[in-house]
*Asks:* 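Shown below is the structure under consideration.
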Number of protein chains: 2
Amino acid sequence: MIRINRLTDYAVVVLAEMSRGSDVRTVSRISADTGVPLPTVAKLMKALAHGGLVVSHRGAAGGYSLNRNAAAISVADIIEAVEGPIAITACVDDADDQCGIEQLCPMHGHWSRINQAIRRSLDGISLAEIAAMPVFEPVAAGQPI
Amino acid sequence: MIRINRLTDYAVVVLAEMSRGSDVRTVSRISADTGVPLPTVAKLMKALAHGGLVVSHRGAAGGYSLNRNAAAISVADIIEAVEGPIAITACVDDADDQCGIEQLCPMHGHWSRINQAIRRSLDGISLAEIAAMPVFEPVAAGQPI
DNA sequence: TCAAACAGGACCACAGTGGTCCCATTTGGA
DNA sequence: TCCAAATGGGACCACTGTGGTCCTGTTTGA
């Protein structure tokens, strides 16, 4: 299903918080600031560091800092760091024939196109925009649309 | 993860095939025509009938027919019939507070916006386009992008 | 030297997916 | 009227991925 992972959602929250304040933060500090459970933050930061969105600082005064300006980090970047490449079907993913009806698939080129459109949407929102947003935005009851 | 279900992929294949030919088709016929396993087609057609994309005809000369012109069926329609509402996070889905950090969530309005963008992309491709597509489109090795 | 903090990975429960199978109901044609 | 064909509804199961938890090893500044 088309769904952002919970961890990804947390990642956005965490990164937004980090972009608003001090440079290097420990996992426990981030956890306290965001309300995301500590082990989960730890896990997340590893993925984000692997994905190049944050830099880790080991040792006694260690922690993590943002690797890029918030305006240079998109939602797509975050999703990919946590979940891997944005590929809406297996056949969009590089070179694997996974679904067994590949030759007959009328979606052959179309998923790729849709994938690009989705990717573009996600590229179009930066962490800076998100971090700049008021955190107590009134909820319009979200229609799934 | 952002991924179209396999069943949804099959659904598109099935519907495209149906839009190309005769009016009422049995599940076994569809299965033979598309290469999708019979029980899976059966399961799928139930969902598609529930979703209003096809009409069922019970009884000895029964089967399924398209409920709408192919141009009036979008990829989003198909996804929703098979998978349910397009909602990229739980909090986009109607009214449920699922992730526990809802009040602090800087993505509060943004997922909704992205959801709409994704929805629009999917609305923008009709079954007619897909059915009109040559089925042996050369593969450009799909980058996940 | 040592405590703080990250790095790496294993483990587990749960939810969802994809597939299979069975029984009940409907209905057109013989 | 009967029966075979076909859908309707649902249950079951194996597998995969997610989210969360926990442990050990390594790094490093004070």
*Asks:* Are the side chain of A:Arg20 and the backbone of A:Ala131 linked by a donor-acceptor contact shorter than 3.5 Å?
*Replies:*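 Pair found, side chain donor or acceptor close to backbone of A:Ala131.
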*Asks:* Between B:Thr8 and B:Glu83, does any side-chain donor sit less than 3.5 Å from a side-chain acceptor?
*Replies:*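 Yes - a donor-acceptor pair under 3.5 Å links their side chains.
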*Asks:* Nearest of C:dC6, C:dG8, D:dG9 to any side-chain atom of A:His50?
*Replies:*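 Selected nucleotide (nearest to the side chain): C:dG8.
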*Asks:* When you check the phosphate oxygens OP1 and OP2 of C:dA7, does a side-chain N or O of A:Ser56 lie under 4.0 Å from one of them?
*Replies:*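 Looking at the OP1 and OP2 atoms of C:dA7, one of them is under 4.0 Å from a side-chain N or O of A:Ser56.
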*Asks:* At less than 4.0 Å, is any side-chain N or O atom of B:Tyr10 found next to OP1 or OP2 of C:dG19? Yes or no.
*Replies:*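 Answer is yes, contact under 4.0 Å.
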*Asks:* Using whole Å, report how far CG of B:Asn5 lies from P of C:dT17.
*Replies:*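 Interatomic distance, CG of B:Asn5 to P of C:dT17: 5 Å.
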*Asks:* Tell me: CZ of B:Arg25 to C1' of D:dT7, nearest whole Å?
*Replies:*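 Whole-Å distance recorded here is 17 Å.
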*Asks:* Counting C-beta onward and ignoring hydrogens, is there a side-chain heavy-atom pair between A:Val55 and A:Tyr64 closer than 4.5 Å?
*Replies:*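 The answer is no; the side chains never approach within 4.5 Å.
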*Asks:* Of the options D:dG8, C:dT20, D:dA4, whose atoms approach the side-chain atoms of B:Ala60 most closely?
*Replies:*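 Nearest nucleotide to the side chain: D:dA4.
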*Asks:* Return whichever of A:Val27 or B:His57 has its heavy-atom-nearest nucleotide of DNA chain C closer to the 5' end.
*Replies:*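 Of the two residues, A:Val27 wins.
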*Asks:* By nearest nucleotide on DNA chain D, pick out whichever of A:Thr8 and B:Gly63 is the more 5' one.
*Replies:*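 The residue closer to the strand's 5' end, by nearest nucleotide, is B:Gly63.
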*Asks:* Within this structure, what is the CZ-to-P distance between B:Arg3 and C:dG16, rounded to whole angstrom?
*Replies:*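 These atoms are roughly 18 Å apart.
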*Asks:* Please tell me which of the listed nucleotides, C:dG8, C:dT20, D:dT7, lies nearest to the side chain of B:Thr40?
*Replies:*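 The answer is C:dT20.
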*Asks:* What is the distance, rounded to the nearest whole Å, between atom CD1 of B:Ile79 and atom P of C:dT17?
*Replies:*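 That distance rounds to 13 Å.
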*Asks:* Would you kindly give the CE-to-P distance between A:Met45 and C:dA7, to the nearest whole Å?
*Replies:*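 Those two atoms, CE and P, are 9 Å apart.
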*Asks:* Considering only heavy atoms from C-beta outward, does the side chain of B:Leu53 approach that of B:Leu66 to under 4.5 Å?
*Replies:*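 Of all side-chain heavy-atom pairs linking B:Leu66 with B:Leu53, none is under 4.5 Å.
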*Asks:* If we ignore hydrogens and angles and just use 3.5 Å, is the side chain of A:Asn67 paired with the main-chain N or O of A:Ala49 as donor and acceptor?
*Replies:*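 No: the side chain of A:Asn67 does not pair with the backbone of A:Ala49.
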*Asks:* Would you mind reading off the distance between A:Lys43 atom NZ and D:dC23 atom C1', rounded to a whole angstrom?
*Replies:*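 One finds 14 Å between C1' of D:dC23 and NZ of A:Lys43, rounded.
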*Asks:* Look at the side chain of B:Tyr64 and decide which nucleotide, out of D:dT7, C:dG19, C:dC6, has an atom nearest to it.
*Replies:*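 Selected nucleotide (nearest to the side chain): D:dT7.
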*Asks:* Let me know the distance between CD1 of A:Ile30 and C1' of C:dC6, rounded to the nearest Å.
*Replies:*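 Rounded to the whole Å, the gap is 12 Å.
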*Asks:* To the nearest Å, give me how far apart CZ (A:Arg58) and P (D:dG29) are.
*Replies:*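 Atom CZ in A:Arg58 sits about 12 Å away from atom P in D:dG29.
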